[in-house]
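When a residue number appears, it is its place in the shown sequence, counting from 1.
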Amino acid sequence: MSAIDLNARASSTFAQKLADTQALLKQAALDYAPPNDGAEPRITLACSLGAEDMVLAHLVNSLQLNIDIFVLETGQLHAETLALLERLQANSRAPVKVYKPVQEVAVQFVEREGKDAMYKSIALRKACCGIRKMEPLGRALTGKDAWITGLRREQSGARAEVPSIDRNDSKVKYNPLADWTWGDVWHYIAQNKVDYNPLHDQFFPSIGCAPCTRAISLGEEFRAGRWWWEDEAAKECGLHVPK
């Protein structure tokens with residue numbers, strides 16, 4: 001059974017949620033438009049290539065918004081994720097920029113701590129995330145005043161209070177899908193034939209780096225497959241932790 005067959009169930013208020021999301025994205029694109037012709041927009045979409053972010057990329061493209069897209073290619077992504085990245089780059093109207101870790105730093109970390117360092121301690125796992133995600137994120141957001149993410153309140157307890165617009169950091173963060181359900185996400189994917197990662201069909205609802213992601217079983221929490229060996233409270237890489 002595909003992820004669409006399993007999950008595509010729109011909530012009763014889906015039409016209003018979609019209209020609100022579209023309006024929010026349009027306003028964000030206007031508020032952070034390029035300062036002059038030829039300049040880049042001052043807002044960007046962080047695309048993890050997961051289901052939520054593929055929905056947002058589709059919305060940005062279908063609405064023809066002046067918002068660019070970036071992907072953090074950590075050097076540890078699944079083959080399926082890399083293939084989806086290639087398809088997104090080939091088909092996206094909006095430019096898709098790819099940011100990778102500094103190769104020398106990543107290599108030195110593996111040589112020093114081992115390729116399985118993330119399993120040894122939370123500190124080492126977060127150090128790996130710092131090299132492969134946080135530092136590239138800093139480069140991706142340089143020159144931007146705002147960014148867009150696929151965070152949803154339903155994803156985890158740590159995200160239960162996610163606002164549609166978060167002004168608590170130096171850069172404004174838009175979360176246009178904050179009140180969408182997982183069923184809403186897949187309903188949109190089904191209705192609009194949005195490309196998605198085939199790992200979702202193998203019970204990977206949340207997909208990160210290959211060593212740190214597994215499939216989940218029936219009844220497990222949405223993000224149970226991320227850093228499954230750690231305490232639930234630690235399960236963030238830092239990308240969405242307030243400074």
Side-chain angles (χ1 to χ4, degrees), residues 16-74 81 84-85 87-101 129 132-153 155 159 161-180 184-185 188-189 192 194-196 207-208 236-243:
Q16 186 60 54
K17 290 178 186 178
L18 177 58
D20 291 344
T21 293
Q22 291 170 326
L24 184 61
L25 287 169
K26 289 176 181 177
Q27 190 60 52
L30 284 174
D31 290 346
Y32 295 96
N36 50 63
D37 290 342
E40 294 186 352
R42 295 178 294 125
I43 186 168
T44 184
L45 166 64
C47 183
S48 68
L49 302 164
E52 292 93 343
D53 293 339
M54 295 305 293
V55 165
L56 288 171
H58 184 272
L59 283 164
V60 165
N61 281 310
S62 61
L63 296 171
Q64 299 187 26
L65 301 178
N66 195 359
I67 296 172
D68 58 23
I69 299 170
F70 75 88
V71 174
L72 303 180
E73 204 288 76
T74 65
T81 307
L84 179 58
L85 172 57
R87 297 196 300 275
L88 178 64
Q89 288 179 299
N91 298 316
S92 177
R93 174 186 173 276
V96 179
K97 301 178 181 179
V98 177
Y99 292 85
K100 298 182 179 183
C129 288
R132 298 185 183 279
K133 293 184 177 181
M134 297 305 297
E135 190 279 333
L137 175 69
R139 283 186 273 126
L141 296 181
T142 297
K144 304 295 184 184
D145 295 320
W147 57 311
I148 301 165
T149 84
L151 292 182
R152 294 184 300 109
R153 297 181 191 122
Q155 286 169 337
R159 299 179 177 184
E161 307 281 325
V162 166
S164 295
I165 306 175
D166 186 348
R167 304 184 188 277
N168 291 324
D169 214 334
S170 59
K171 299 181 190 295
V172 177
K173 183 192 288 186
Y174 286 82
N175 307 302
L177 305 183
D179 62 350
W180 284 40
D184 290 333
V185 170
Y188 184 93
I189 288 172
N192 295 278
V194 177
D195 195 6
Y196 68 88
I207 304 169
E236 291 287 352
C237 61
L239 294 181
H240 302 297
V241 176
K243 302 293 186 296

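- Thr44 has its side chain out of reach of Ile148: every pair of non-hydrogen atoms, C-beta onward, lies at least 4.5 Å apart.
- Distance CG/Leu45 to CD1/Ile69: 5.5 Å, rounded to 0.5 Å.
- Across all non-hydrogen atoms, the minimal contact from Leu25 to Ile67 is O-CD1, 4.1 Å.
- Side-chain contact between Leu88 and Asp195 is absent, with no heavy-atom pair separated by less than 4.5 Å.
- Within the 4.5 Å cutoff, no side-chain heavy atoms of Arg132 are placed close to those of Lys100.
- Here Glu161 does not pair with Arg153 in a salt bridge; the nearest charged N to carboxylate O distance is not below 4.0 Å.
- In terms of modelled atom types and a separation under 3.5 Å, the side chain of Arg152 and the main chain of Trp180 share a donor-acceptor contact.
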| Please walk me through it: do Lys17 and Asp184 pass salt bridge (charged side-chain N to carboxylate O under 4.0 Å, His left out)? | CA-CA 9 Å; Lys17 290 178 186 178; Asp184 290 333; 2.8 Å; yes
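- Among residues two or more places apart in sequence or in another chain, the ring-ring contact (aromatic ring centres under 6.0 Å, His included) test is passed with Tyr196 by Trp186.
- Between Asp145 and Lys171, no side-chain nitrogen of the basic residue sits less than 4.0 Å from a carboxylate oxygen of the acidic one, so the salt-bridge criterion is not met.
- Considering all non-hydrogen atoms of both residues, Val60 and Ala94 come closest at CG1-CB, 4.2 Å.
- Applying the side-chain hydrogen bond (donor to acceptor under 3.5 Å, both in side chains) criterion to Gln16, with sequence neighbours excluded, gives Asp20.
- Interatomic distance, Leu84 CG to Gln89 CD, rounded to the nearest 0.5 Å: 10.5 Å.
- Nearest heavy-atom pair, Ala33 versus Arg42, reported as atom, atom and distance to 0.1 Å: O-NE, 3.2 Å.
- Legend: residues meeting side-chain contact (heavy atoms from CB on, under 4.5 Å) with Ser48, ordered by chain and number and at least two apart, are Asp53.
- Without hydrogens or angle criteria, Asn175 side chain to Pro163 main chain gives a donor-acceptor distance under 3.5 Å.
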| Could you go step by step and tell me if Asn61 and Ser92 meet the side chain to side chain donor-acceptor pair (under 3.5 Å) rule? | CA-CA 7 Å; Asn61 281 310; Ser92 177; 3.2 Å; yes
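- Applying the side-chain hydrogen bond (donor to acceptor under 3.5 Å, both in side chains) criterion to Glu135, with sequence neighbours excluded, gives Arg139.
- Residue Asn36 places its CG atom among more than 12 non-hydrogen atoms of other residues, nucleotides or ligands, all under 6.0 Å distant.
- Residues passing the side-chain hydrogen bond (donor to acceptor under 3.5 Å, both in side chains) test with Lys97 are Glu40, sequence neighbours excluded.
- With contacts defined as side-chain heavy-atom distances shorter than 4.5 Å, the pair Leu151/Glu52 does not qualify.
- Distance check, rounded to the nearest 0.5 Å: CD1 of Ile207 to CG of Leu49 gives 9.0 Å.
- Residue Tyr174 holds its OH atom at 14.0 Å from CH2 of Trp147, rounded to the nearest 0.5 Å.
- Residue Asp179 holds its CG atom at 6.0 Å from OG of Ser164, rounded to the nearest 0.5 Å.
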| said: Between Leu59 and Leu18, does the side-chain contact (heavy atoms from CB on, under 4.5 Å) criterion hold? Intermediate values first, please. | reply: CA-CA 10 Å; Leu59 283 164; Leu18 177 58; 4.1 Å; yes
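- The closest side-chain heavy-atom distance from Lys144 to Tyr32 is not below 4.5 Å.
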| task | Let me see the working for Thr81 and Leu85 under side-chain contact (heavy atoms from CB on, under 4.5 Å), right down to the final yes or no. | result | CA-CA 6 Å; Thr81 307; Leu85 172 57; 5.9 Å; no
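- At least one side-chain heavy atom of Leu72 sits less than 4.5 Å from a side-chain heavy atom of Leu137.
- Every residue two or more places apart in sequence or in another chain that forms a side-chain contact (heavy atoms from CB on, under 4.5 Å) with Pro95 is listed here: Asp68.
- Among the candidates Ile165, Asp166, Asp31, the single residue satisfying the side chain to side chain contact (heavy atoms under 4.5 Å, CB included) test with Val172 is Ile165.
- Under the 4.5 Å side-chain criterion, counting only non-hydrogen atoms from C-beta, Val98 is not in contact with Phe70.
- In this structure the side chain of Met54 never reaches within 4.5 angstrom of the side chain of Ile189, judged on heavy atoms.
- Distance CG/Leu177 to OG1/Thr149: 8.0 Å, rounded to 0.5 Å.
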